[in-house]
Amino acid sequence: MKPAIDVDSLRSDHESEEQWEVRRAFMLEHKDNFDQEELITLAQLFTNIEFLGCRYPAETMKRVSKLAEKVSAKYRESRRNKLKRTFMQASDAAEQKAKRTFK
């Protein structure tokens, strides 16, 4: 019999509340399917992909994506109505400022 995983003891000091909640949800969903080390690794890969835009080999991306379907959908839904960043080229921003036309 596999020892129970205490997910709440696995929070990192550097994680924001939002990142921890998403990683915690992933680990809670899969804690019965993996040993602790693999679960921690998969959860970290997932949050690296979701929050930092990291990319991994195709097979890894496919596996993590499949495991994260429910958690990702729930997280993205919660973010739907939140403020989003908009990026533009500096030259466009300078032109808009000079002309006082903001989009």
Side-chain angles (χ1 to χ4, degrees):
M1 190 168 126
K2 192 166 65 158
I5 299 173
D6 179 12
V7 170
D8 290 319
S9 71
L10 301 174
R11 183 174 184 177
S12 298
D13 293 336
H14 68 278
E15 283 181 298
S16 69
E17 191 66 32
E18 179 181 41
Q19 290 172 339
W20 167 241
E21 287 303 320
V22 171
R23 192 166 75 93
R24 181 178 182 272
F26 181 94
M27 289 191 290
L28 287 173
E29 183 175 335
H30 298 293
K31 71 179 184 167
D32 296 329
N33 303 327
F34 299 100
D35 64 40
Q36 184 169 319
E37 291 302 313
E38 189 171 13
L39 180 66
I40 291 169
T41 301
L42 290 167
Q44 191 62 56
L45 288 171
F46 167 58
T47 55
N48 288 351
I49 292 165
E50 194 68 36
F51 291 101
L52 303 176
C54 294
R55 295 288 169 239
Y56 298 97
E59 187 175 314
T60 302
M61 294 293 288
K62 186 175 179 179
R63 182 178 186 205
V64 171
S65 176
K66 182 70 176 160
L67 290 169
E69 284 177 342
K70 290 179 189 173
V71 175
S72 276
K74 189 175 181 180
Y75 170 68
R76 289 181 183 148
E77 180 62 30
S78 76
R79 302 288 301 159
R80 184 186 308 257
N81 295 323
K82 302 243 175 160
L83 185 63
K84 294 180 175 73
R85 292 182 184 163
T86 303
F87 295 99
M88 63 174 22
Q89 291 187 0
S91 59
D92 291 341
E95 182 180 340
Q96 286 183 9
K97 184 175 181 180
K99 293 180 178 179
R100 302 252 187 249
T101 58
F102 300 99
K103 294 179 184 177

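On a predicted model such as this, the values are computed, not experimentally measured, just so you know.
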Residues at least two apart in sequence or cross-chain that pass salt bridge (Lys or Arg N to Asp or Glu O under 4.0 Å) with Glu69, listed by chain then number, are Lys66
For Glu21, the salt bridge (Lys or Arg N to Asp or Glu O under 4.0 Å) test, sequence neighbours excluded, returns none
By side chain to side chain donor-acceptor pair (under 3.5 Å), Glu17 pairs with (sequence neighbours left out) Arg11
Residues 54-64 vs side-chain hydrogen bond (donor to acceptor under 3.5 Å, both in side chains), sequence neighbours excluded, gives Glu38-Arg63, Asn48-Tyr56
Item checked: Side chain Glu29, main chain Phe26, donor-acceptor under 3.5 Å -> no
Sorted by chain and number, sequence neighbours left out, side-chain contact (heavy atoms from CB on, under 4.5 Å) with Ser16 holds for Glu18, Gln19
Smallest heavy-atom separation, Arg23 atom then Ala43 atom, equals CG-CB, 3.6 Å
Asp8 meets the side chain to side chain donor-acceptor pair (under 3.5 Å) criterion, sequence neighbours left out, with Arg24
Those residues at least two apart in sequence (or on a different chain) that pass side-chain contact (heavy atoms from CB on, under 4.5 Å) with Ser72 are Phe46, Glu50, Ala68, Arg76
| said: Using side-chain heavy atoms (C-beta onward) and a distance below 4.5 Å, is Trp20 in contact with Thr47? | reply: no
_Under a 3.5 Å distance rule, please check whether His30 uses its side chain to pair with a backbone N or O of Leu67 as donor and acceptor._
yes
dist Lys31:NZ -> Leu10:CG (nearest 0.5 Å) comes out at 10.5 Å
Closest non-hydrogen contact found for Val22 with Val71 is O-CG1, 3.7 Å
The reported gap from CZ in Phe34 to CE in Met27 (rounded to nearest 0.5 angstrom) is 13.0 Å
In this structure, CD1 of Ile49 is separated from CG of Leu45 (nearest 0.5 Å) by 6.0 Å
inquiry  = Is any side-chain heavy atom of Ile5 closer than 4.5 Å to one of Asp32?
reply    = no
